[in-house]
Amino acid sequence: MSYIPPMTYTPETLEPMWQQRWAERRTNEPDLDQAEKPFYNLMMFPYPSAEGLHVGNCYAFTGSDVYGRFMRLRGHTVFEPIGFDAFGIQSENYALKVGTHPGILIPKNIKNFTRQLKALGGMFDWSRVLSTTEPAYYRWTQWLFLQLYHAGKAYRKKAAVNWCPSCKTVLANEQVIAGACERCGTAVEQRELEQWFFKITDYAERLLQNLDDQTKMDWSSSTALSQRNWIGRNTGAEIDFAAGGSAIRVFTTRPDTLFGATFMVLAPEHPLVDRLTTPEQRAAVSAYQKAAAAQDVVSRKVGDKDKTGVFTGGHAQNPATGKPMPVWIADYVLMEYGTGAIMAVPGHDERDFAFATKFGLPIVRVIAGPADSAATPLTEAMSETTGCRLVNSGAYDGQSVADGTAAIVAWLEQAGHGKGVIKYRLHDWCISRQRYWGPPIPIIYCDACGAVPVPERDLPVLLPNIDDFRPDDSGVSPLARHQEWYHVPCPACGKPGRRETDVSDNFLDSAWYFYRYLSTEVGDRALHPDRVKAWLPVPMYIGGNEHAVLHLMYSRFIAMVLQERGQIHFDEPFRRFRAHGLIVKDGSKMSKSKGNVVNPDEIIARWGADAFRLFLMFIGPFEEGGDFRDAGLAGPRRFLDRLWDLVDQCERRTLTGEELHRDIVVKWNATKKKVTHDLESLGYNTAIAALMELLNALRDSNCSSRMIVKDMVIMVAPFAPHFAEECWERLGGRDTVFQAQWPTWDEALTQDSVIEVAVQVNGKTRGTVRVARGAKEEAVQQRAIQDPAVVRAIDGRAIRKVIFVPDRLMNLVV
RNA sequence: GCUCGGGUGGUGAAACCGGUAGACACAAGGGACUUAAAAUCCCUCGGGGGCAACCCCAUGCGGGUUCGAGUCCCGCCCCGAGCACCA
C-alpha cells in the first residue's frame, strides 16, 4: 500500500493556479453571438483610485459575482463584464494634488485594480475589459452626445457655477466647503457661463411612471423612492399677477390660498426686477442683486438662514382680491425652480411667514382648522390641510381645501389669470465641465454658422495630451490654451472655427458603458444590434445606493432617447436593480483619517480570497451591509478547512439513499432547498449558515457521503470558486465546476416524518411532544396533556379553548 | 425640518404569513492532545433564582390589539442614510 500524504488546503498556491487556468481555458468568456440562455450579470464598474480596491468594492463585486456564478450553475450563459470609470474630477483632483498627469496615473491605477480584481476571483470576462478614458470608448461617448444633439435634447444656456477668485477656477459643488474654496479658503462666488444641458425634464413623467411598471422595473424600493423624490412631481397652478403693464407669472402648489397672497417675491436675477424697480429703490435693489450674485451656489441654497430681501418699490395686483401687493426680491426664491417668482402667502407658508414678520408685511388667514374661526390669529404659518376649510376667501369660504383648490383653478382658467400645471423638481442635466480630464464635447463654434456638431466621421475628438492640465486664470477649460487643437475649420463652411473647450460630465461616460461591453471588439459602432437584442435590458444590476439618483437616472434617460431614435428596443435598461449595503469597520465608517481602512491584499494573503469572499457574504444581509471584524474571518476559513477534509475522506463508493441516515437525508434536501431560495433573493448570509449546518450534521454523524459532499461543493462554488474547482477536480470532475448542474431536491424529503410540536398553556411554552408529521389535533392534544410540565401548568383547571397550528404548536387556554 | 432604513446576548447576526427568541459564526472560559506553543477536537456560554426537576425576567422605552407580539397598531427615545429656502 502506498502512502497518501494528507491533503492540505493551501489557497495561496491554489487560487493563483485556478485564476491562471480560467484565463488559459477562457472559462469566463462566453460567445456573445451563440448564447442559449444569455444572462447579463452587471455590477457598477469602479473608479480606479490610487488607493486600490477597498473593502466596499470587494463586497459589491463579490455579491454580484456570487449571483452570476449561481445563475451559471443553473444553466445560463453568464456574461460578467468589468471596466473602469476613469475620467472625471476625482481623478483630475488627485492628479493635481500629486502633480502627476492623469494620463500617467490612471493606467497605473487600472493595472493595480486589475491585479486585485483577479486575485478576488470574480468571473469577469477580461477579454472585454474597457476604460472610459480610451479614445475607442469616448469616441462613442461623443457620438452619444451627437445623438442627443440631433434628437433636439441638447441645448446651451447660461448657468451659474462656483468660481474661486483666488485660484481663478470653476469649482464643483463638493469642492466648496462652507462657502469657501476647499484648497485656498477664499470665499467662492457665482459666475454665469454658457453650458450644455440635456433635456432630461422632457422625460420626467415617464421616468416617474416606469418606476411603477413591474414588467419593466423591479428595483430595490429605497432606490425607486429616491428617484421619485428626486423627480419631485408637484401639482399646482401658474398664476399671472398684473404689475406695471406686464405680468408676473408664479407657480404655486396652493392655489387655494390665493386670497391670502399679500405680497410677491422675485428671485434677485428675475428679468422683471429692473422694470418694476422705482428710482428711489434702485440703489438698494442693485446692491442686493450684487450681494446675491457674489454668494456661491451652495450656500445660496442652504436653508435655515435669516430671511433677507429688498422692496423694489413696485406693486402687483392680486387677481382675486384686487388689492395691491408690494413686490420684493429675496434670495430664498430661486430662479431655477418654478418661474423664479412666488406669490407670498405668509399665513400658510413658513418661509413667507418669517419674511413677512421680519419686514412687517400683512399676514392673512385664509385656511381654518376645525377649532379655528376666520378671525383666529396666526402665531406661526399654518400648513395643515386635512379637515380644514377656506375662510376670508370671498365666494369660496367654507369649502374644503380640495374643493377650494379645484374651484379657484377653474376660475383662474376661465378668467384668463392662470391654469393648473404640473411641475417637477428634476432639473435639466448640465453636462459641461470646465475641466481637462474628460471627453471633449464634440462641437465647433463658427462666427457664421454658430454651434456646429463635429461630423461623426471626425470622431473621436481626441483629448490632447497637454502637460499643463491645471485650470488657470483664463476662466475657461485648460484645453483653450492648446492653440493648434483649439483652432479648427468649421465643418459646415470651412471658415476658421473654435472648438468647444469644455469636457462632458463623468456621468455621461457611465450612462452607456453596459452597451459598450457588448461591442468592445467591434470598432465601428457603439451599439451591436444583435447582441443588444439578445442580452439587454440587464436582468440583474447590483450596485451602491449612492448612485440611486444620478447614474441610474441618467442611464434611464439615455435609454429613452436611444429608444426613440430606434437604436434600441427598450426604454428601461435595468430590469432588476439591487442596492447592496455598506460595510463598516468595528461599528464606524472606514476612513483614512480614522486609520481603520482594511487592505484587501493583506486579507487575501493571510486567509485566501475564498475565505474572504465567504466572510464578506456571511457578515450580514447583503442588502444591508455589515460590520467588518478581522477575527470573523476565522469562521469561514475553518468551514473551508473542514469541508476540504471531508472531500478528502469522502467515500469512493456512492451510497444509495437507503443507506444514508434519515436525518441526514432530510438535512441534505432541506439545505439544497434553502440555499437555492436564499441565493435567488440575495440572502447570502443565511445560505452560508445553512451550508455550515449541513457540514456540522455530516461531521456529527460521521457521514461522508460522496453524493452529499459533491452537492456541497457545487453549492459553495459561487462563494468560494477556487476552492470548489479544486474539490471538484479531486472528486473526479473535469474542466470546471461551473458546468455542473445545480443540485435539485425532493420536496417530500425536506422535512422529517416525526416532528416536535410546542405545547403552550395560556401562551407560554411548557413542553414539546414528538408526533408524526401532519398529526391531527386530537392526537396531539392527547399526548400534550400527558406531559408532566403541561399538567403542572394546567393545575387542574378546565381547558376552555385549544389553538392548534399543525406541525408547529398547540396552545391550551385555561 | 422632511423622507426612508434600523435598534434582538460580550460581538456579527437568525427567526417563513403573528406561533418553541437567539440558528450560524466570532470572542471568552474550561477540558483533551502536546515537553511547550500553534493548530485540532470536546464542553459551557442572555440575566436572575434553585441541590435538582424546574421557575421568573428578557428583542430601545410606554401603552394597545390577540389564545399568543421581535413581528401588527398608537405615542416617544436613540442610531444610520438620503434630501433640504422646491413655492
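Here is the naming used below: chain letters follow the sequence lines, and residue numbers restart at 1 for every chain.
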**Prompt:** Do the side-chain N or O atoms of Arg699(A) get closer than 4.0 angstrom to the phosphate oxygens (OP1, OP2) of C41(B)?
**Reply:** yes
Sticking with atom [atom1], work out how far [N] lies from [M], rounded to a whole angstrom.
{"N": "C51(B)", "M": "A28(B)", "atom1": "C1'", "result": "28 Å"}
{"N": "C45(B)", "M": "C24(B)", "atom1": "P", "result": "13 Å"}
{"N": "C17(B)", "M": "G12(B)", "atom1": "C1'", "result": "27 Å"}

Atom-to-atom span, [atom1] of [X] to [atom2] of [N] - whole angstrom:
{"X": "Asn234(A)", "N": "A87(B)", "atom1": "CG", "atom2": "P", "answer": "4 Å"}
{"X": "Arg642(A)", "N": "A25(B)", "atom1": "CZ", "atom2": "C1'", "answer": "10 Å"}
{"X": "Met810(A)", "N": "G19(B)", "atom1": "CE", "atom2": "P", "answer": "17 Å"}
{"X": "Asp627(A)", "N": "U11(B)", "atom1": "CG", "atom2": "P", "answer": "11 Å"}
{"X": "Phe804(A)", "N": "C67(B)", "atom1": "CZ", "atom2": "C1'", "answer": "15 Å"}

**Prompt:** Are side-chain N/O atoms of Thr750(A) and Asn669(A) paired as donor and acceptor at under 3.5 Å?
**Reply:** no
**Item:** Any donor-acceptor N or O pair under 3.5 Å, side chains Thr253(A), Asn234(A)
**Value:** no
Just checking [X]: base, sugar-phosphate only, or nothing, at a heavy-atom cut-off of under 4.0 Å?
{"X": "Phe639(A)", "value": "nothing"}
{"X": "Glu693(A)", "value": "sugar-phosphate"}
{"X": "Asn685(A)", "value": "sugar-phosphate"}
{"X": "Leu809(A)", "value": "base"}
{"X": "Pro788(A)", "value": "nothing"}
{"X": "Arg638(A)", "value": "sugar-phosphate"}
{"X": "Lys764(A)", "value": "sugar-phosphate"}
{"X": "Arg766(A)", "value": "sugar-phosphate"}

**Asked** Are any of the side-chain nitrogens in Lys585(A) or Asp630(A) under 4.0 Å away from the carboxylate oxygens of its partner?
**Response** yes
**Message:** Whether Lys307(A) and Asp352(A) form a salt bridge (side-chain N of Lys/Arg under 4.0 Å from carboxylate O of Asp/Glu) is what I want to check.
**Reply:** no
Identify which nucleotide among [options] has an atom closest to any side-chain atom of [X], counting heavy atoms from C-beta outward.
{"X": "Asn696(A)", "options": "A87(B), C83(B), A25(B)", "answer": "A25(B)"}
{"X": "Arg425(A)", "options": "A14(B), C83(B), A87(B)", "answer": "C83(B)"}
{"X": "Ala689(A)", "options": "A23(B), A84(B), U20(B)", "answer": "A23(B)"}
{"X": "Met692(A)", "options": "C24(B), C86(B), C41(B)", "answer": "C24(B)"}

**Message:** Stem list for RNA chain B, please, built from Watson-Crick and G-U wobble pairs under 3.5 Å and keeping only runs of at least 3.
**Reply:** B:1-7 with B:77-83, B:10-12 with B:24-26, B:28-32 with B:40-44, B:46-49 with B:54-57, B:60-64 with B:72-76
Please list every donor-acceptor pair under 3.5 Å in which a side-chain atom of residues 260-268 of chain A meets a protein atom from a residue at least two apart or in another chain.
{"from": "Thr262(A)", "atom 1": "OG1", "to": "Pro362(A)", "atom 2": "O", "distance (Å)": "2.8"}

**Item:** Glycosidic conformation of G31(B), taking syn as within 90° of 0 and anti otherwise
**Value:** anti
**Request:** Determine if the base of C17(B) is syn or anti; take syn to mean the glycosidic torsion is within 90° of 0.
**Result:** syn
**Request:** State the CZ-CD1 distance between Phe622(A) and Ile542(A), to the nearest 0.5 angstrom.
**Result:** 5.0 Å
**Asked** His547(A) vs His551(A) aromatic rings, parallel, tilted or perpendicular, using cut-offs 30° and 60°?
**Response** perpendicular
**Prompt:** Is the Tyr554(A) ring parallel, tilted or perpendicular to the Trp429(A) ring (thresholds 30°, 60°)?
**Reply:** parallel
**Fill in**
Heavy-atom nearest nucleotide on RNA chain B taken for Asn762(A) and for Arg351(A); more 5' hit belongs to Asn762(A)
**Request:** By nearest nucleotide on RNA chain B, pick out whichever of Glu350(A) and Arg792(A) is the more 5' one.
**Result:** Glu350(A)
**Prompt:** Is any side-chain N or O of Lys307(A) under 3.5 Å from a base N or O of C85(B), one able to act as donor and the other as acceptor?
**Reply:** yes
**Request:** Answer with yes or no after comparing the ring centroid distance for Phe618(A) and Tyr684(A) against a 6.0 Å cut-off, counting only values under it.
**Result:** no
